[in-house]
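Notes to accompany the following structure.
Every chain is numbered from 1 and lettered A, B, ... according to where its sequence line falls, protein lines coming before strand lines.
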Amino acid sequence: MRLQRTYWCGNISGKNIGEKVVLAGWVQGRRDHGGLLFVDLRDRSGLVQLVFDQERHGSLFAAAEKLRSEYVLAVSGVVIGRSPETLNPKLATGEVEISVEDMDLLNTAKVPPFYIEDNIDTDENLRLRYRYLDLRRPEMQEMLKLRHRLLMATRKCLDERGFLEIDTPMLTRSTPEGARDYLVPSRVSPGFFYALPQSPQLFKQLLMVGGVERYFQITRCFRDEDLRADRQPEFTQIDMELSFCTRTEIIAEVEALMADLFQAILGQKLDTPLPALSHSEAMERYGSDKPDTRFGMELQDISEIAGECSFKVFSQAISGGGAVKGINVRGQGTFSRKELDDLTALVQSWGTGGLAWMIVTEDGFKTPIAKFFTAEQLDRLGKHMHAENGDLLLFVADKKENTQKILGQLRVHLARQLDLVPEGKHHLLWVLDFPLFVYDHEEKRYTSNHHPFTAPREEDIPMLQTEPLEVRSLAYDLIYNGVEIAGGSIRIHGGEMQETVFRLLGLTQEELDEKFGFLLEAFEYGAPPHGGIAFGLDRLLMLMSERKSIRDVIAFPKTAAGTCLLTGAPATVSPGQLKDLHIYTVNRKRS
RNA sequence: GGAGCCGUGGUGUAGUCUGGUUAACAUGCCGGCCUGUCAAGCCGGAGAUCGCGGGUUCGACUCCCGUCGGCUCCGCCA
């Protein structure tokens, strides 16, 4: 480069008038008036207008006429103030322009496959395939800056609070429980595999045994499961662990971090302590362990009335030990029969028998199941549902957990469809006291709700042997607008309790020794009481920046099928590479 | 593993339900004109075998089957 940059485009202002500057960047656009040519020059900081005047600039003008979008330039010139009628209030630098005196064409460019500007409506395939062009768009640059600020603010806050950032291995061992692992074959140990970490869970607990006391790490985690709008196979966690802390203290630490991040990213003060719900209350009221509390439509339990009525779907659900619950969709009594049929089909696809509906009118309830209820029962039902004229009541009858789950999903679905979710709100909420175990009907055994290192609530410990499903844990999830953004727990720190839990999970002594022996051994050497939490950083940023997909806050994300459209990963490898790794493949789909 | 939606010049869309002449519109691109634009303007031009394969038909962008790619959701994700 012949010309050395002295300023960034977006930083030029009226203060620089008369100054000679050197700028560099990409050609955003060009307006050719014949003898007068305007070029918008863009760099990371913004845009500034360059002017080429045929009379004043002579030979330079001919070169300027050859400029095209995304050509790369360095220019030197004088900052001049624009005359009043040519000011551009839409541009941060619209007060000035650069009268170019010298130009260095650093590179040409092909015509880009989409517009390098905000709010483009282009196939995401193209954006991902040409991500380096997508990233040039101002809103993507903004995202990268925001992500950087989030990382910096996290490090600053946790450093000030006495946490040490310590990195842990990426090549580690596969452990049972949890998500499917990404495996890495070992060349030097034929037939042996590393696993990429699903989280640094075991290492951070070992760091506590190692006397670190306060640890954090911003690290990549890998889970080989199917993707969603808020799930990528590799994602970034803010991982934390503390020794000698109660759950209350850990929650306070996390709230302090969140308050700092809200200030740094949103410029908002976060009111702490944050509200909290027990898991059972969240399930009862919202049918979800990650309730979106930005809108109402809470679940109402009508099991008592359902048990009395003669509608078999309801009464049999109750006599079979299940529950009947409903939601009141305010003012939506205008749903057509077809719309209701579609909703029914939807909940059926989610795994329940059907959907009962009632429309509240001046003349009572309009519903196909009216004849199964007495007038008194309907009256009570209406009161229970807080029914008013024009409301739509929807009911599900099933096993209690299923009733709640289906209605919870329906609640969120309808809120989105009916646009009931307020924009621009940032609702944070703790969900506490998750059950320690859930029963896996397929595998016919208990599995950990959080993970196997989660401690039970002290008062529930006696139930471990008698009613394990009733045992509540010292786990906590942080929910942000109905999305889980962090989850953690107080850990088990005694080898005996840890063994009890592993046994309940159905691990044999052999497996236990092989897979977790090192942890149990560590616990025998004076493990301090400890606990921690891990944030999904990508999700956090997605919510803070109000974007719809986690892909929009990751520089190089993968598609729903886990492929990278830019690099073509995953891809085949040479037979030689496979041979080195002692691997042969079968039934190869892609060639 | 399952369900739904989408795929038409470089880009965004129309046309597809109800098969029938040169596949339309906007923008971008190329060329010309033009000294105050900033979504510049005016004139002209090039550019799509309609994701791919097969079937039905005299005839397929359109109907049917399959397949590939993308998105969303369920399962899965301690």
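With rounding to whole Å, A:Ile116 atom CD1 is found 15 Å from B:U27 atom C1'. Between A:Glu225 atom CD and B:C73 atom C1' the separation is 16 Å, expressed in whole Å. Atom P of nucleotide B:C38 and atom CG of A:Leu37 are separated by 14 Å, given to the nearest angstrom. Regarding A:Lys558, its NZ atom lies at a distance of 18 Å from the C1' atom of B:C71, rounded to whole Å. We find that CG of A:Asp226 is positioned 14 Å from C1' of B:C71, with the value rounded to whole Å. Between A:Asn88 atom CG and B:U37 atom C1' the separation is 9 Å, expressed in whole Å. Taking atom CZ on A:Arg231 and atom P on B:U72, their separation rounds to 11 Å, with Å as the unit. Across the protein-nucleic acid pair, A:Asp121 atom CG and B:G7 atom P stand 13 Å apart, rounded to whole Å.
Of the candidates B:U72, B:C38, B:G10, B:G10 carries the atom nearest the A:Pro113 side chain, counting heavy atoms from C-beta on. Taking only side-chain atoms of A:Lys405, from C-beta outward, the nucleotide of B:G75, B:G12, B:C29 with the closest atom is B:G75. Listed candidates were B:G36, B:A39, B:G70. Nearest to the side chain of A:Thr563 is B:G70. Considering only side-chain atoms of A:Arg551, the nucleotide from B:C38, B:U72, B:G70 that sits closest is B:U72. Listed candidates were B:A40, B:U11, B:C38. Nearest to the side chain of A:Leu126 is B:U11. Each of B:G70, B:G28, B:G36 was ranked by its minimum atom distance to the side chain of A:Tyr115; first place goes to B:G28. The side chain of A:Gln409 lies closest to B:G75, out of B:U35, B:G75, B:C71. Set against B:U35, B:U27, B:C38, the side chain of A:His33 has B:U35 as its closest nucleotide. Out of B:C73, B:C34, B:C29, the shortest distance to the side chain of A:Asp32 is found at B:C34. Of the candidates B:U35, B:U37, B:C71, the closest approach to any side-chain atom of A:Arg31 belongs to B:U37.
Taking the nucleotide of RNA chain B with the nearest heavy atom to each of A:Ala560 and A:Ser199, the more 5' of the two is matched to A:Ala560.
Between the side chains of A:His413 and A:Gln409, no donor-acceptor pair is found at a separation under 3.5 Å. For the residue pair A:Gln404/A:Lys325, the side-chain donor-acceptor check at 3.5 Å is satisfied.
Proximity of a side-chain donor or acceptor of A:Thr403 to a complementary backbone N or O of A:Lys399 within less than 3.5 Å is detected. Remark: side-chain polar atoms of A:Asn402 are paired, donor with acceptor, to backbone N or O of A:Gly351 under 3.5 angstrom. Checked by atom type and distance alone, the side chain of A:Asp181 never pairs as donor or acceptor with a backbone atom of A:Leu183 at under 3.5 Å.
Between the side chain of A:Arg56 and the base of B:U35, no donor-acceptor pair under 3.5 Å is found. Looking at A:Glu97, its side chain comes within 3.5 Å of the base of B:G36 through a donor and an acceptor atom. Between the side chain of A:Asp123 and the base of B:G12 there is no donor-acceptor pair of N/O atoms closer than 3.5 Å. Evaluation of atom-type donor-acceptor distances gives a pair under 3.5 Å for the side chain of A:Gln49 against the base of B:U37.
Rounded to a whole angstrom, the distance from the C1' atom of B:U18 to that of B:G54 is 25 Å. The separation of B:A48 from B:C29, taken at their C1' atoms, amounts to 15 Å, rounded to a whole angstrom. Comparing the C1' positions of B:U22 and B:U49 gives an interatomic distance of 14 Å, to the nearest angstrom. Of the P atoms belonging to B:C50 and B:A23, the separation is 12 Å, rounded to the nearest Å. If you take atom C1' in B:C68 and the same atom in B:G10, they sit 22 Å apart, rounded to whole Å. On the P atoms, B:C17 is 9 Å away from B:C64, given to the nearest whole Å.
With respect to A:Arg294 and A:Glu423, no salt bridge is recorded, no charged nitrogen being found less than 4.0 Å from a carboxylate O. For the pair A:Glu117 and A:Arg42, the salt-bridge criterion is not met [side-chain N within less than 4.0 Å of a carboxylate O].
Contact annotation: A:Arg223 does not reach the phosphate of B:C76 (side-chain N/O to OP1 or OP2, under 4.0 Å). Taking side-chain N and O atoms only, A:Arg228 has a distance below 4.0 Å to OP1 or OP2 of B:C74.
Within the nucleic acid shown, A:Arg68 comes within 4.0 Å of sugar-phosphate atoms alone, with no base atom in reach, counting heavy atoms only. At a threshold of 4.0 angstrom between heavy atoms, the contacts of A:Thr86 include nucleobase atoms, whether or not backbone atoms are also involved. Counting any heavy atom pair closer than 4.0 Å across all strands shown, A:Gln54 reaches no nucleic acid atom. Across all strands, A:Thr454 comes closer than 4.0 Å to no nucleic acid atom at all (heavy-atom distances). A:Phe38 comes within 4.0 angstrom of a base, heavy atoms only. The residue A:Leu87 sits close to a base: some heavy atom pair falls under 4.0 Å.
In this structure, A:His451 and A:Phe453 have tilted ring planes: the angle between them lies in the 30° to 60° band.
Taking a pair to require two hydrogen-bonding distances under 3.5 Å in either a Watson-Crick or a G-U wobble arrangement, B:U13 pairs with B:A24. With a 3.5 Å ceiling on both atom-pair distances, B:U62 lacks any Watson-Crick or G-U wobble partner. Base pairing analysis places B:U72 opposite B:A3; the two distances defining the Watson-Crick or G-U wobble pair are each below 3.5 Å.
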